[in-house]
Amino acid sequence: MSSAHREADLPIAIIGAGFAGIGTAIRLVQEGIHSFTIFERADEIGGTWRDNTYPGAACDVPSHTYSLSFEPDPGWTRKFSPSAEIQGYLLRLVEKWRLRPHLRLRTAIVEARFDEARAVWLLTTDRGETVTARVVVSGVGGLVDPALPDIKGIESFGGEIFHTARWNHDYELTGKRVGVIGTGASAVQVVPSIAKQVEKLHVFQRTPAWVVPKMDKVYSERARRRYQRFPILLRASRFLQYWASELFGPMVFLDAPRLSALGERLSMRHLHAQVKDPVLRKKLTPHFQFGCKRILVSDDYWASFERPNVELVTEPIEEITRDGIVTKDGAKRAVDAIVLATGFSVGLASAPFPITGRGGRALDDAWKDGAVAYKGMTVSGFPNWFILMGPNTGPGHTSVLVYTEAQIEHVLGAIERLRRGAKWVDVRQDVQDRYNVGIQARMKRMVWHTCNSWYLSKDGSNHALYPGFAAEYVVRARHFDPKDYEIATAG
Ligand SMILES: Cc1cc2nc3c(=O)[nH]c(=O)nc-3n(C[C@H](O)[C@H](O)[C@H](O)COP(=O)(O)OP(=O)(O)OC[C@H]3O[C@@H](n4cnc5c(N)ncnc54)[C@H](O)[C@@H]3O)c2cc1C
């Protein structure tokens, strides 16, 4: 159909200006669609990479893969680029694709309601306005809101206290006594980065994690020039990194003890190479199957504990006082600052804000037995609403962006349908149900049910991760198949 027959100004609202929102906007522009607005509650774009600026913050999937396939960048200075470089990449893309005029910064969407008669979404912003959109692409992220620990006395602490995702760069850590609470993905980056600088570092660990070598390296100027001159080399690097992660995928996601044992051996060898003290090694050795919780990657985290100024504390925390941290055994560590490396409140189990679909049904009601969506993107009864990185789309073994990109293509397919005259597309309930029965059946063969983690909902079900290879998800998700949807036509 020629573009003259298309609905010219289908208003599209994108919520969130992280990789997902920016990636969607770029693909829309590439398809000649400019009728979109990106709502971002913060004062700049970037999402994860705007907020996580703590020392050592970097991606843990190699940059040639952890970047948009339609915007490859030969200029990454390291195999695993630091946060500031990733944020710089996103900022450059915003300028290159002239996205600034589409951006509404400092504007949060706080409510959404589907108006069936007009086939539009009415979005309420925190400024009190109501915005109308035919299509909504929700890219609000899953790891956005810091999870703050509920520790007795935390509010009475008289020193400096901040979360890794809200790093206080005005506070000088040099020569200070610091407590780091948490030993997850952010802690493994921050601990080695500040260990050299602080006078004393106490790392409070609840559960040790499996750590594998990162094998980070610098891309020399020569290498970068080569990637610039011969884009095929960059594509080849991405291809190899991506397929390597897929190859190792089953070791990370399957409940296959023999494969897990391979991963555990690799990690244990790394631990032995980095930590000589057997007592310390024991404290750092995980007691759950490889892959059950997030695998951490680091070349120097474990080695940090060999430093005389770094202490691993495994005794649980009892309380925080005005000037220190007290553990259950009564010992007190006096600290000047506390870093909360306590991760994020995972926002997958519920709607990010009240969302009301057809027949006045709330998304939280549709999700009362757990968050489900068709291919993680669409929920029956919520027409023209697309979730990026929704339920069961997180990877345990490779780049999130591979999934996000497939979802963006699906959304474009739906938009194409709407531009050709459909009023709305609403995923069929039977299709959505069948898909999710399949997902949960496969879940039983995955490693994640063998221990407790933030991947699991309160009832023990997993609505966070995709149980399989990324490549398989991409093939399933990228294509918008009208047969899966109820399509309402105009008139
Ligand atoms: C420290 C850290 C390291 C990571 N490293 C990797 C990695 O190496 N590889 C990997 O694959 N993944 C990694 N991730 C996961 C990472 O979150 C994703 O890869 C990706 O950045 C997510 O992009 P997003 O756009 O979906 O979400 P986000 O980047 O979280 O962006 C969401 C945006 O939506 C905005 N927003 C939220 N709610 C609203 C609202 N109601 N109204 C308006 N705006 C709103 C937020 O302010 C934010 O800017 C990492 C995550 C963290 C926290």
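Counting starts at 1 for both ligands and their atoms, following the listed order.
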For ligand 1, which atoms have a heavy atom of [X] less than 4.0 angstrom away?
| X | value |
| --- | --- |
| Ile15 | 40 (C), 42 (N), 43 (C) |
| Cys59 | 8 (O) |
| Ser399 | 11 (O) |
| Phe353 | 41 (N) |
| Gly47 | 28 (P), 29 (O), 31 (O), 48 (C), 49 (O) |
| Thr107 | 43 (C) |
| Ala108 | 42 (N), 43 (C) |

Under 3.5 Å: N/O of [X] near N/O of ligand 1:
| X | value |
| --- | --- |
| Phe19 | yes |
| Phe344 | no |
| Val61 | yes |
| Arg41 | yes |
| Leu401 | no |

Answer side chain, backbone, both or neither: which part of [X] comes under 4.0 Å from ligand 1, heavy atoms only.
| X | result |
| --- | --- |
| Val110 | neither |
| Tyr66 | side chain |
| Tyr54 | side chain |
| Val144 | side chain |

Can you tell me which residue and heavy atom of the protein come closest to [atom], and the distance to 0.1 Å?
| atom | result |
| --- | --- |
| atom 41 (N) of ligand 1 | Ile109 O, 2.9 Å |
| atom 27 (O) of ligand 1 | Gly141 CA, 3.2 Å |
| atom 26 (O) of ligand 1 | Ala20 CB, 3.5 Å |
| atom 47 (O) of ligand 1 | Glu40 OE2, 2.6 Å |
| atom 3 (C) of ligand 1 | Trp49 CH2, 3.5 Å |
| atom 11 (O) of ligand 1 | Val400 N, 2.7 Å |
| atom 50 (C) of ligand 1 | Thr48 CG2, 4.0 Å |

Hey, is Arg41 close enough to Asp145 for a salt bridge, meaning N to O under 4.0 Å? yes

Rounded to the nearest 0.5 Å, what separation is found between the [atom1] atom of [X] and the [atom2] atom of [Y]?
| X | Y | atom1 | atom2 | result |
| --- | --- | --- | --- | --- |
| Leu173 | Trp167 | CG | CH2 | 5.5 Å |
| Leu123 | Thr130 | CG | OG1 | 8.5 Å |
| Trp121 | Thr132 | CH2 | OG1 | 13.0 Å |
| Tyr219 | Ser237 | OH | OG | 4.5 Å |

Verdict with supporting geometry, Phe36 and Ile415, side chain to side chain contact (heavy atoms under 4.5 Å, CB included): CA-CA 12 Å; Phe36 63 89; Ile415 290 177; over 6 Å; no

For [X], I'd like to know if atom [atom1] has over 12 heavy atoms of other residues, nucleotides or ligands within 6.0 Å.
| X | atom1 | answer |
| --- | --- | --- |
| Tyr171 | OH | yes |
| Arg269 | CZ | no |
| Phe248 | CZ | no |
| Arg358 | CZ | yes |
| Arg113 | CZ | no |

Closest to atom 32 (C) of ligand 1 (judged by heavy-atom distance), picking from Ser63, Gly16, Gly139, Pro352: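 The option holding the nearest heavy atom is Gly139.
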
Would you mind finding which of Asp60, Val140, Ile22 brings a heavy atom closest to atom 38 (N) of ligand 1? Val140

Quick one: does [X] get a heavy atom under 4.0 Å from ligand 1?
| X | value |
| --- | --- |
| Phe80 | no |
| Gln189 | no |
| Leu388 | no |

Donor-acceptor side-chain pairing of Glu409 and His479 below 3.5 angstrom: no

Any luck finding a side-chain donor-acceptor pair between Arg294 and Ser453 under 3.5 Å?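 There is no such pair between these side chains.
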
Would you check if the distance from the ring center of Phe253 to the ring center of Tyr466 is below 6.0 Å? no

Would you say the ring centroid of Tyr89 lies under 6.0 angstrom from that of Tyr66?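 Ring centroids of Tyr89 and Tyr66 are no less than 6.0 Å from each other.
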
Anything under 30° is parallel, anything over 60° is perpendicular, the rest tilted; go ahead and classify Phe305 against Tyr301. perpendicular

